[in-house]
Amino acid sequence: MPMYQPSKKDGHLGFEDGRILDLDTAVKDGVLGGVAGGGYGGGIGEKLDLKKMIEELNLSEVPSVFICPISLEPMQDPVTLCTGQTYEKSNILKWFSLGHYTCPTTMQELWDDTVTPNKTLHQLIYTWFSQKYVQMKKRSEDAQGRASEFLTTLKKVKGQARIQTLKDLNRVVATHSTARKTVVDEGGVAIFSSLLGPFTSYAVGSEVIAILVNLTLSSESKTNLMQPAKVSSIVDILNEGSIETKVNCVKLIETLMEERDFRAEMVSSHSLLVALMRLVKDKKHPNGHLPGLNLLKLITSHKQLRSLIVSIGAIPQLVELIPFLNPECIELALFVLDALSSEPEGKQALKDCSHTIPNMVKLLMRISENCTEFALSILWAVCKLSPEECSLIAVDAGLAAKLLLVIQSGCGASLKQRAAELLKLCSLNYSDTIFISKCKLTRTIQ
């Protein structure tokens, strides 16, 4: 990258290789990624605060010459050293205060510690950010106006015109926070809620739900959406929707479940749980795993719903899915399985699944302490249910060696105690000599 140096010519910026960059030309011609119609004022009637603009814009891409080499953040008060390198003033002064008398970039010793304000670069930074800021504000104002207009139209139209209006509104709401606020302030949530019911078509319902998940819902709005007919409509859409629509349905239900007045009966639908498991085990669309498992975890935390979850065959499906999940999803799946293992039918389902013990043994000391704790708890539940049968299978799968690793690790005391108890339970089926041979770490290391 060329090194910027202050030029002797006022209003210009000089490069080390001798090229001269004029401010107006730089912004107008896009040399620094500026926008057309540049200039010092940028069409702004009043002086804008540079710090505020930088914070509100929060841009991921900024011209590299605007970035301080120390903080890697856009400069607000650039100053240049005798080496020709430019830094944010507060950063370079802090560098000096730490006893460094070198240029941080080149590590040259400074023959002069004077810092010279780089007014030319400051003006260029200000112009570039101010233009971006004005554009953002204009887009936000336009988005607010369009959102308000779409809401007005939505009250009047039906059929295909209603669907198209919802699509247009969805696009605006998804990209502009100001539009989202306008929709909420102008009573949009009540309008969308009224469109959900027993006769809601998929085309309308999917767009309504996509909009609702982007809005901040009040307690009153959530209560209104928790009406059985509306929840049933959301579940129907979850069953037949695209992957994006399914994820939106799951997120909306999760939002409703966070409400204080939520009742477990709202999610006790067999149809909901089946659709949720279908989303969770869909290997073609892994982006549905995390939201699906998050909602399943939330539902499982309600004890009265666990038997219902077991009854739809969730346990073998989750156990067999675990090898294909990422670590975050594995932890969620283990949480659900551990919670279900507290129910008699859950224990039996875990025992009956041939993959339970091998998969749980593999997870010990593999991902996180939480995963180890859940897997150990599940193994304990299964082995306690049928000590002779399950302990033999577990030890053959390498459990004894894994338990020794847990006991010797830096895991918590309660986890080590559970590992010791399970190790003792497993040892009851073997002579001392045979069990010691089973504890060799060869299998574990492999």
Side-chain angles (χ1 to χ4, degrees), residues 35 55-61 132-196 200-222 224-225 230-231 233-259 275 279 282 285-292 294-295:
V35 291
E55 289 176 351
E56 289 192 25
L57 284 167
N58 192 27
L59 298 173
S60 57
E61 293 184 10
K132 296 283 186 184
Y133 188 77
V134 168
Q135 282 188 340
M136 180 194 75
K137 287 296 184 184
K138 187 175 187 303
R139 284 195 298 268
S140 295
E141 289 169 5
D142 290 346
Q144 285 177 288
R146 279 185 291 152
S148 183
E149 183 182 328
F150 289 143
L151 276 180
T152 302
T153 304
L154 195 58
K155 297 173 185 177
K156 304 173 184 176
V157 295
K158 292 183 179 180
Q160 195 59 41
R162 172 181 286 174
I163 295 170
Q164 187 56 52
T165 302
L166 285 168
K167 286 180 180 292
D168 293 337
L169 188 53
N170 186 15
R171 279 191 288 269
V172 176
V173 164
T175 53
H176 297 282
S177 59
T178 52
R180 293 193 283 273
K181 186 176 184 304
T182 297
V183 167
V184 173
D185 291 346
E186 295 189 8
V189 177
I191 297 174
F192 303 136
S193 181
S194 69
L195 295 176
L196 289 175
T200 301
S201 68
Y202 170 76
V204 169
S206 60
E207 294 298 334
V208 166
I209 290 169
I211 295 170
L212 286 171
V213 294
N214 278 308
L215 302 180
T216 302
L217 302 178
S218 66
S219 180
E220 183 182 352
S221 297
K222 291 177 186 177
N224 185 269
L225 286 166
K230 298 185 187 301
V231 173
S233 176
I234 297 170
V235 172
D236 289 342
I237 293 165
L238 170 61
N239 269 288
E240 60 180 293
S242 64
I243 184 64
E244 292 79 13
T245 298
K246 289 179 179 179
V247 169
N248 286 335
C249 289
V250 163
K251 288 180 178 178
L252 181 58
I253 294 171
E254 187 175 348
T255 299
L256 299 181
M257 287 186 70
E258 293 167 355
E259 182 58 24
L279 174 65
D282 185 354
H285 300 102
N287 54 317
H289 293 166
L290 185 59
N294 270 321
L295 180 56

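Here, residue 1 is the first one in the sequence, and each next residue gets the next number.
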Nearest 0.5 Å, please: how far is CG in Asp185 from OG1 in Thr178?
11.0 Å

To the nearest 0.5 Å, what is the distance between OH on Tyr202 and OG1 on Thr245?
3.5 Å

Heavy-atom closest contact (Ala275 atom, Asn239 atom, distance):
CB-OD1, 3.3 Å

By side-chain contact (heavy atoms from CB on, under 4.5 Å), which residues pair with Val231, not counting sequence neighbours?
Val235, Met266

Flag, side chain of Ser194 to backbone of Ile191, donor-acceptor distance under 3.5 Å
yes

Candidate pair Val204 and Leu166, rule side-chain contact (heavy atoms from CB on, under 4.5 Å), full reasoning:
CA-CA 8 Å; Val204 169; Leu166 285 168; 3.9 Å; yes

Any chance you could lay out the side-chain contact (heavy atoms from CB on, under 4.5 Å) test for Ile243 and Asn287, step after step, and finish with the verdict?
CA-CA 8 Å; Ile243 184 64; Asn287 54 317; 3.8 Å; yes

Just wondering, are more than 12 heavy atoms of other shown residues or ligands nearer than 6.0 Å to CD in Glu258?
yes

Pairs involving residues 166-176, ordered by first then second residue, that meet salt bridge (charged side-chain N to carboxylate O under 4.0 Å, His left out) (sequence neighbours left out)
Lys167-Glu207, Asp168-Arg171

Walk me through whether His285 and Lys246 qualify under side-chain contact (heavy atoms from CB on, under 4.5 Å).
CA-CA 11 Å; His285 300 102; Lys246 289 179 179 179; over 6 Å; no

Does any N or O in the side chain of Ser148 come within less than 3.5 Å of the main-chain N or O of Gln144, such that one atom is a donor and the other an acceptor?
no

How far apart are the closest heavy atoms of Gly292 and Leu279, and which atoms are they?
CA-CD2, 4.1 Å

Any pair counted as salt bridge (charged side-chain N to carboxylate O under 4.0 Å, His left out), so long as it reaches residues 151-165, sequence neighbours left out
none

Measuring from atom CD1 of Ile209 to atom CG of Leu238, what distance do you get when rounded to the nearest 0.5 angstrom?
8.5 Å

What one should report as the nearest heavy-atom pair of Asn224 and Lys230 is O-CD, 3.3 Å

Specify the closest pair of heavy atoms between Ala203 and Ile163, including all atoms of both residues, with the distance to one decimal.
CB-CD1, 3.6 Å

Which atom names give the shortest non-hydrogen contact between Arg180 and Val173, and what distance separates them?
NH1-O, 2.6 Å

Partner of Leu212 under side chain to side chain contact (heavy atoms under 4.5 Å, CB included), chosen from Thr255, Val183, Leu196
Leu196

If you take all heavy atoms of His289 and Asp282, which pair is closest and at what distance?
NE2-O, 3.0 Å

Does Ser193 use its side chain to pair, donor to acceptor, with the backbone of Leu225 at less than 3.5 Å?
no

Between Ile237 and Asn248, is a side-chain contact (heavy atoms from CB on, under 4.5 Å) present by the stated rule, with each step listed?
CA-CA 10 Å; Ile237 293 165; Asn248 286 335; over 6 Å; no

